[in-house]
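Scroll down for the structure; my scribbles are underneath it.
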Amino acid sequence: MSCGCLAVFDCKLREYATLYGVKPELGRGEKRFEIDESHPRITLDPNKCVLCGLCVRFTHEIAEEGVIDYLFRGYDTRIGPPLGDTIADVEGKFIGELADVCPVGVIVERPPLTKPGPWKTEKIKTVCNGCSLACEMAVETYAGLLVRASSVEDSWNRYLCDVCRFERPWEKTLSGPLLNGKPVSWEEAKKFIESESYALVLTPGLTNEEIEALKAFAERKGVPIGSTVSGSPSTATLDDVRKARRVLLRADPEKFPLLKILLRGKEIVEENYELAVTEDGEVLNVPALILRKGANAEGLIRAGVTGIPKAERYVVVSNEPVELSGETLVIPAGRWAEKGGTVTNALGMELKMERVMEGYSPLGLFS
């Protein structure tokens, strides 16, 4: 049994129909509903829906976004966005999760690839580098292509936001070194590094192992080292978050979407709180979840690599351009999908990440 959709390798309806010998003739009928392809990354085909309600439950009860619901009654019942809207009109941070929740290919993700699929992908477990929560996820690959990110059922976070799915930070990097914002050759970059008259600045786009290796290089060469991260370490654990009923919220859930799920059902207050969620690193007398940009900001803090040293020249290991007061060479940190090792997230968890594919490492420049 097959309908040729992108979910052909994961479809539970196809799996059970094959297992129990269901004849396709029993389900024949006309396509009665229009397929919604208005969203740049999601297709909604109500014709395949078995009305299991998993997507409706997730968006209303877990994500609390309510982007889709049951429409009409009886034989005409289907799921979709509010009447008059398309899937592109609704606003939410967990629209992509609906594709993982759906068991039959009604809601599917369209990766930004030229090959239309479907693909029988290999799932490789890693973590998202979109923020310091470092959500566990899988990157699905096919014949050397990075197809999509998907959620992992036994992960601490369970769900994955659209920043990771649609913005795909795990595949981004600089194309080459930059000197004062302008591209330079790798040979020029190597000469700059060999001069040893600079301060080394790290960023959260590095694993714990890369941080330790670069710390050892700096110590060996007598080079000052710091990072773009500063402030106090996060002190809250996942257990603290789950147990807290009253929360001081000074972080933006639009920047850290998983907060919507982590803080579901909790009372947001300004005093007598049991947990603080902030972005500023303020030291408080309760467990504090301090959120920052980049997966391994907490790893840098716990390694003692914080703040930018005073220097006239800098070498920065980053996947984004960085401007500092002195002459600044930015070395690409490397695509996140090409890294393996561990990171420490804002909840103090040391998370293992498998290398999705082989590629460049910045450590080769610091031998």
Kindly say whether [Y] contributes a backbone atom to a donor-acceptor pair with the side chain of [X] at under 3.5 angstrom?
X: E65; Y: K93; result: yes
X: S132; Y: N345; result: no
X: N319; Y: G334; result: yes
X: N47; Y: R32; result: yes

Does one hydrophobic cluster hold both [X] and [Y], with members joined at side-chain heavy-atom distances below 4.5 Å?
X: V67; Y: F166; result: yes
X: V229; Y: I331; result: yes
X: I87; Y: V56; result: yes
X: L133; Y: V247; result: yes

Legend entry - side-chain contact (heavy atoms from CB on, under 4.5 Å) between V269 and L248, intermediate numbers included: CA-CA 5 Å; V269 297; L248 173 68; 5.7 Å; no
[Y] and [X], any side-chain heavy atoms less than 4.5 Å apart:
X: L329; Y: I193; result: yes
X: V241; Y: L275; result: yes
X: V90; Y: I95; result: yes
X: L98; Y: I68; result: yes
X: R292; Y: I301; result: yes
X: C135; Y: L258; result: yes
X: E122; Y: I124; result: yes

Legend entry - Check: Y70 ring centre within less than 6.0 Å of H60 ring centre: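 Ring-ring flag for Y70/H60: false, centres at least 6.0 Å apart.
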Legend entry - More than 12 heavy atoms from other groups under 6.0 Å of CD on E34: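 Counting other residues, nucleotides and ligands, CD of E34 stays at 12 neighbours or fewer.
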Inset, instruction - Starting from the C-alpha separation in whole Å, work towards a yes-or-no answer on side-chain contact (heavy atoms from CB on, under 4.5 Å) for M349 and W156. - result: CA-CA 10 Å; M349 301 174 182; W156 75 264; 3.7 Å; yes
Inset, instruction - Can you label the angle between the F94 ring and the F58 ring as parallel, tilted or perpendicular, going by 30° and 60°? - result: perpendicular
Inset, instruction - Please determine, by modelled atom types, if S155 and E136 share a side-chain donor-acceptor pair under 3.5 angstrom. - result: no
Inset, instruction - Check each of E140, E97, E171 against R165 using the salt bridge (Lys or Arg N to Asp or Glu O under 4.0 Å) test, and report the only one that passes. - result: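 It is E97; the other options fail the test.
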Residue pair [X] / [Y]: nearest heavy atoms and the distance that separates them:
X: P46; Y: L44; result: CD-O, 3.4 Å
X: P204; Y: T228; result: CD-OG1, 3.7 Å
X: L160; Y: S151; result: CD2-N, 4.0 Å

Let me check something: any side-chain donor-acceptor pairs from residues 352-367 under 3.5 Å, sequence neighbours excluded? List them with distances.
unit_1	atom_1	unit_2	atom_2	d
R355	NE	E338	O	3.0
Y360	OH	P332	O	2.7
S361	OG	L363	N	3.2

Legend entry - Candidate pair K255 and C131, rule side-chain contact (heavy atoms from CB on, under 4.5 Å), full reasoning: CA-CA 8 Å; K255 291 168 59 178; C131 75; over 6 Å; no
Check residues 174-187 and write down every donor-acceptor pair under 3.5 Å in which the side-chain atom is one partner and the other belongs to a residue at least two apart or another chain.
unit_1	atom_1	unit_2	atom_2	d
N180	OD1	T328	N	2.8
S185	OG	E188	N	3.1
S185	OG	E188	OE1	3.2

